[in-house]
Amino acid sequence: MTTSKYLRKQAIIGLGGVVLTALMVFPGAALAFNQAPALDSEVEAGTLPPVDDRLPAQPMVLEPLDEVGVYGGSLRTDILGGTDRGYGWINRIIGYEPLVRWAPEGGRVIPNIAESWEANDDSTEFIFKLREGLRWSDGAPVTAHDVTFFVEDMAKNTELFPGGPGGHLEVNGQPVVVEALDDLTIKFTFADPYGLFIQQLANANNQPAIAPRHYGEQFHPAYAEDLDAKVAASGFTSWVELFQQKVGGPTGNNFASWVNPELPSLHAWTVTQPYDGSSSQVVAKRNPYYWKVDTAENQLPYLDEVVFPIIGDTEVLKLMVMNGQIDFTYRPQNLTLADKAVFFDSMEAGQYHFIELSPDVSATQAIHLNLTTTDPNRNALFNEKDFRIALSHAIDRQEIIDIIYVGQGEPYQVAPRPESQFYDEVFAHQYTEFDPDLANQMLDDLGLTDRNSAGIRLFEDSSPISIQVDVRTDTTPQIDGLELIQRYWADVGIELRINVIDSALYRERQVGNLFEAISNVGAGGLNEMLNPRLYVPINDNALYAVPWSYWYNEDPRGIEPDETTMRQLELYDDFLATADEARQVELFAEILGIARDEFRTLGISLITGTYAIAGDKMGNIPTKMIDSAIYPTPAPTNPSTWYVKAQ
Amino acid sequence: MLAFMLRRFIYMVVTLFLVSILSFAIIQLPPGDYLSSMVAGMSAEGQQVDQQFINAMRDRYGLGDPVYVQYWKWISGIVLRGDFGQSFEWNRPVSSLIYERMGLTLLLSVATLFFIWAVAFPIGIYSAIRKNSFGAHLATLVGFIGLAIPNFLIALVFMYLSFRYFGQSVGGLFSPQYENASWSLAKVGDLIAHMWIPIIVLGTAGTATLIRIMRANLLDELNKPYVTTARAMGHPEHVVLLKYPVRVALNPFVSTVGWVLPGLVSGATITAIVLNLPMSGPMLLRSLLTQDMYLAGSFILLLSTLTVIGTLISDILLAWLDPRIRYS
C-alpha cells in the first residue's frame, strides 16, 4: 500500500462522519486518485496540479496481472549497440500509445487514447471519441486537432513524408481525410473500403496517428513564424530535418520522443536522457500526466524510471543478465536457445527467471529460391514446383533441429502456426519428410540426369546446378543451418554456395533482385492477415519474387507474376476492401490455400523455446508473452503496471 | 634544424590531403550507403519502407551526388568553416558527437599510457641487467601472455571474474547510480574503482612490447665501451645505468609517440565495446557499420591527422635527441 493512500485511510477513519457528509455533498470527491509519493512535493509546492486534475474524466483502468503494485524503483533493460537502431526497442518498452491498441492477450483491439469508435457498414468512415480531459506530458489537453495535425499536416506533407503517409493511412494509394467534428471527436474517411483499418491502427509498425499540435506548430511551415531563422539557429539545413528531430517523421516510430526530451508525449515515462549518441544510457522518467490507473485508483506507472544502458556487445549483455543487472530483456534474436543453459546455471545468483515467448514467426529458417532471378537457366528450374519439392525432401530437418535448435521444434514449412486460426496441417507439414531417394528420383524425372565429376547435376548447357544463398552475418543459426543443408543437397547433386553478407548489402541485393536464393526466418505464423508477405507478394519483403511485389505496387521495376499469383493478388485486394470479418477470414484462407499449393518457400522447423528474461523482484510481468513486432512485445502487457516488489 | 622541420611540415600537409581523399574513398567502398543500412534496420524492426521514400531521403542526404561532389561538400566544410558535417544517424553535428566522447577517452588512454610506461620501464631495465634470472624470465612469461591473448578476451575474463567473485557491476566506467550524476568526489571514486580493468586490459599488450624493446636496446648498449668507461671512473651502478645506456635506449620510446596519439583517440575499439566504455572507438565502429559517412570519414581523418602529427613530433624529438638523424 502506498504511503499517501495509507495516510488517507487514516484520515478517513479519523474524520469519520465529516468525510461521509462531504462524500454525500460532493460525490466526485469519492473518486480521488492516488499518485506516486515522488510527486507529492511538487503538488504541495504548487508546481504540479493535484492528481485528479491531471487525469482524464474517464482514465483508462488497467487490471494489474497479479496484484496492485507499489510505487517507486526503476526498470533496467537494454539497448544493444552495433547496428541495432534502438528506436524500435525503446518504443516497445515505453512507447506504443496509439489511438487503439492490442489487448494484452493479443488478437483483439481495445480502446486506448480513443475511448470508443464506430465504423460505417462498408468500412470507409471511422469515428473516434477521445478521452475527455486527457493531457500531454506537459499538461496541455489532448484534442482531435492533435490527430488532424499528425495526419493532415505531417503525414500528408510530401516533403516530410516523401513516401506517403504510410500503409495504415491510405487505401489503394488514396490518403485518408481526417476532420475534427468537435474537440474530442475525429472522423477518418477513406475513398475505398478499408476493413483492416482498426487493426492497422493498433499495429506497432505504423505510427500512432497523433502528435502534439501545440508544440509541433512552431516547427511547421504552415504555422510557424520565422521558421528559417529557427532552422539556421539549429544548424540543420532544412525545416524537414529540424521537424523530424523535434516532432517526428517517417524514419522510425516515435523516434523524436527518444531524441527530444521537450516533445510532449502520452507515454508512461518520458525521456530525460535522450538517445542521441551522447550518453551510454537512455533514461525515461515518470510522466505525471499519464492517463491510466490501476484497479485501486492509483495513477500509473508504478516505476519511477526506466533505464536503457547501451550495451555494445551481446556477450556483455549476457554477463549483465547473469549478474542481476538487468530487470527485463527481450532479445530472442540475440539470446539463443544454446544460451539458455548458461542462463539457467546463474538463475539463482542473478535472481531472474525465464519468460516463455510464443513467436508470430513460423519457421526458424526459410529458404526462398528467387522465382524472378535473371539467370534463364535458374529461372526456369526454380519455377518448377517439383524442383522445390525435391529440394525440400532432401533436407534432414530433424538433424538440423537436434544440432542447431537443441531438439526444440518440429519440421515445419512457412505456414500458420498450430495456435493460429488459419492452421493447416497439410500446409505446415507438406514435403517435410526426409527422403533423399524420392528427391533424387524427382530431380531425375525433371531431366537433370547429367552430372559432373563431383556428382553435381548439370543444366542443359553443361554448367553445374549451383545455388547461391544470401544470408545475413548476424543470423548464426541460419548460417549453421545452411552448412548442413549444403551437405544434404550435395547428396542429391545440387550445389549450395553460402553467401554470408552484411545486412545493408543483403538488403541492397534483395531490393535489387540480385540474388539467386535468400535465407531469413519465416514470417506470418500468427497475425497472418497483417503480415502476409510470405504468402502473397504485396511488398518487397516477399523474398521469393520481389519484382512481383513491384508489379503489384505499380513500381517500374516490376515483373508480371504468373496467373495464379495474379488471381491471388486480386483476392488480396478484395480482402482489403472487405469490412465483414467472416468474409475477410474466408478470403484470406483462400489466399493461403494458393500459397500452399504454389509452395514457393522452403521452411525448416517451427520456432519454439524462445524466451525473454525478467528479474525475480519485478512484479506483474507475465510468464508467457506473444513475441511479435506488430503486437510490440512487451508493450501490450502494460509495463506501466510492472513494479518492484518489496525486498 | 629549421629547414628540417619545414620540410617535414610540407610533407605532412601533402600526406593529409591524400589521406582525406583516401578516407573518403574508404567509406564509399562498401556496397550500399547509409540509407540501405537504415532501411535494413527499419525492416528488421518490422517496418515497411517504400522506394519513393528511399529516393527522397537519398536526395535529402545528397547520397545520389557524384563522389567528388560529396567529397568537396565535406572537405570544404572542414577546411573553410571547421564544420565536419552532420551525422545521419544521430542528426547531430559530427564535431559535438566526437568531442563528447573525447574527455573520457583521453583520460583512459593517458592513464593507460602511464601505466604501460610505469610498468614496462623498470621491468625492461631489470630484465636487461639481470638477464636470465628467474625474475626476468617471469616478467617475460607474463609479458608474452599479455601480448598473445587478444585484449577483448582478457576483458571478458576480467569481467567474469569481477562479477563472479567481487559482484561488481559489469561494463561501463560508472556504477549505474553515477552514470548520469554530476561530478562529485563519490563519482570520481567510483570511476577509479572501475578504471583498473580497462587500464590493465588495454595496457598488457603495450607493456609486453615495451619491455622487450627496452630490454633489447639496453642489452645492446650495456656492453659498449662507454659503459665500461663510466664504470671504471667509479660512478655508482645506478648512475652508470640511468645516465648513459638507458638514455640511449629511450630512442624507441620517443619514436613510438607517433603511434600513441591516434591510439588515444580510437581507444582500443573492440576492448571498449566489450567493456562498454563510453569512448570514441565504439562510435567509430558503429558509424562504419551503419555507413554514417560524415561521422566515419571525420573519425578516420582525425585519426590519420593525429598519426601524422604524432610522427612529426617524434621526428622532431628524435632529431633533437639524436643528431645523426638530423643530418642523414
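Throughout, a chain's letter reflects where its sequence line sits, starting with A, and its residues are numbered from 1.
The part of Leu97(B) that comes within reach of chain A is its side chain, from C-beta onward, which places non-hydrogen atoms under 4.5 angstrom from that chain. Contacts between Arg509(A) and chain B at a heavy-atom distance below 4.5 Å are absent for every atom of the residue. Only the side chain of Val240(A) comes within contact range of chain B, with at least one heavy atom under 4.5 Å from a heavy atom of that chain. Only the side chain of Gln244(A) comes within contact range of chain B, with heavy atoms under 4.5 Å apart. Interface remark: Asp555(A) contributes side-chain atoms only to the contact with chain B (heavy atom separation under 4.5 Å).
Ranking Asp83(B), Leu156(B), Leu288(B), Ile273(B) against chain A, the residue ahead of the rest is Ile273(B), based on heavy-atom pairs under 4.5 Å.
Taking the side-chain hydrogen bond (donor to acceptor under 3.5 Å, both in side chains) definition, one finds that Lys318(A) meets it with Glu315(A), Asp339(A), sequence neighbours left out. In this view, Tyr99(B) satisfies the side-chain hydrogen bond (donor to acceptor under 3.5 Å, both in side chains) rule with no residue, not counting sequence neighbours.
No donor-acceptor distance shorter than 3.5 angstrom exists from the side chain of Asp540(A) to the backbone of Val511(A), with no hydrogens or angles considered. The main-chain N or O of Ala202(A) is found under 3.5 Å from a side-chain atom of Tyr96(A) such that the two form a donor-acceptor pair. Between the side chain of Asp292(B) and the backbone N or O of Glu89(B), at least one donor-acceptor pair lies under 3.5 Å.
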